Amino acid sequence: MTVPEQAPESGVLGDRIAGTLLGLAAGDALGAGYEFAVPPRRGAAAMIGGGLGDWAPGEWTDDTQLAVCIARVAAAGELRPDAVGDAFCDWYRSGPADVGIQTRAVLDGAPGGADLPARAAGYFAAHPDRSAGNGSLMRTAPVALAHLGDDAALAGSARRISALTHADPLAQDACVLWCVAIDRAIRQGRLDGVSDGLALLPGDRAIAWRERIAVAAEAPPESFTPNGYVVTAFQAALAAIWQTPVPPSEPAGHLREALQAAVAVGDDTDTVAAIAGALLGARWGATAVPGGWRDLLHGWPGYRAGDLERLALRAARAA
Ligand SMILES: [Mg+2]
């Protein structure tokens, strides 16, 4: 299956939109071989494959697969949560090689997408201290593409798409903040837009997130483990991005070096790097993804790099 070729969006904006999904996939595939294993030294990660899903080198995992589900709904015209939920259910029934614990608990046996919010809320009610996994943050980037320039719509959509599997307000908040960061990276070329999203959170939660963001700016990226928890995954990705210097002679090389730093954090490596990759790709564009990585990238549903780029452009154009 391939996404039909369309006239490329011209210029920097199109490169950044395409880079959002491509960067997500690049981080995902780069981290896939090190998930819950010994992390590589910083700078040494490669698309080696293996890992929990016995992935091929350059193959992306469930993080990108679920993002593709969201992006395809957005590209079809409107990002309706029910339709995204149906896409998640179809994906689950296709027998993916890896599925997160919380996502599996909600999707397993679900009749359809319309049932997911109640099932996810039920999971949160039954496990109030263990429902803030990173599984909705890792796939949230296409929500930003569908609502570029409209913070209120973006925030509401990020919450509803998170709550299909992850109802915990912490997971929803993280999705809002990361989507705002991606919006600012695409439209304004900034990597610090995450703080703009604080205005969209309830006051007490905004105060707590402001502190978490401040910690991520200072503490070593490697301190944010374990990171199956959405807060530490968020902080690990942000720390890897902010604490990796932008190379003066080759600014776009920041994408490559910060993704290396994200994988070197260790633990849930594909997801931390997928989260980081979406924001880095939104800032530096698809053209910043090294050619060797781009050539290797592939995955469900039979896509390669160019398909992800075209899908991202269609998701943004439909909005
Ligand atoms: Mg994964």
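The shown structure was predicted, so the numbers you read here are calculated from the model rather than taken from an experiment. In listed order, ligands and their atoms are each counted from 1.
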Asp307 and Arg304: CA distance, side-chain angles, deciding distance, salt bridge (Lys or Arg N to Asp or Glu O under 4.0 Å) verdict: CA-CA 5 Å; Asp307 297 304; Arg304 300 199 66 90; over 6 Å; no
Please test Asp28 against Thr64 for side chain to side chain donor-acceptor pair (under 3.5 Å), starting from the C-alpha separation and ending with a verdict. CA-CA 7 Å; Asp28 184 4; Thr64 307; 2.6 Å; yes
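Residues passing the side chain to side chain donor-acceptor pair (under 3.5 Å) test with Arg187, sequence neighbours excluded: Asp183. Residues forming a ring-ring contact (aromatic ring centres under 6.0 Å, His included) with Trp293 (at least two apart in sequence, or on another chain): none.
Using modelled atom types, one side-chain atom of Thr232 and one backbone atom of Tyr229 make a donor-acceptor pair closer than 3.5 Å.
Below the 2.8 Å limit, the Mg ion (ligand 1) has as protein N, O or S neighbours Thr61 OG1, Asp62 OD1, Asp63 OD1, Asp270 OD2.
Sorted pairs that involve residues 105-127 and meet salt bridge (Lys or Arg N to Asp or Glu O under 4.0 Å), not counting sequence neighbours, are lacking altogether.
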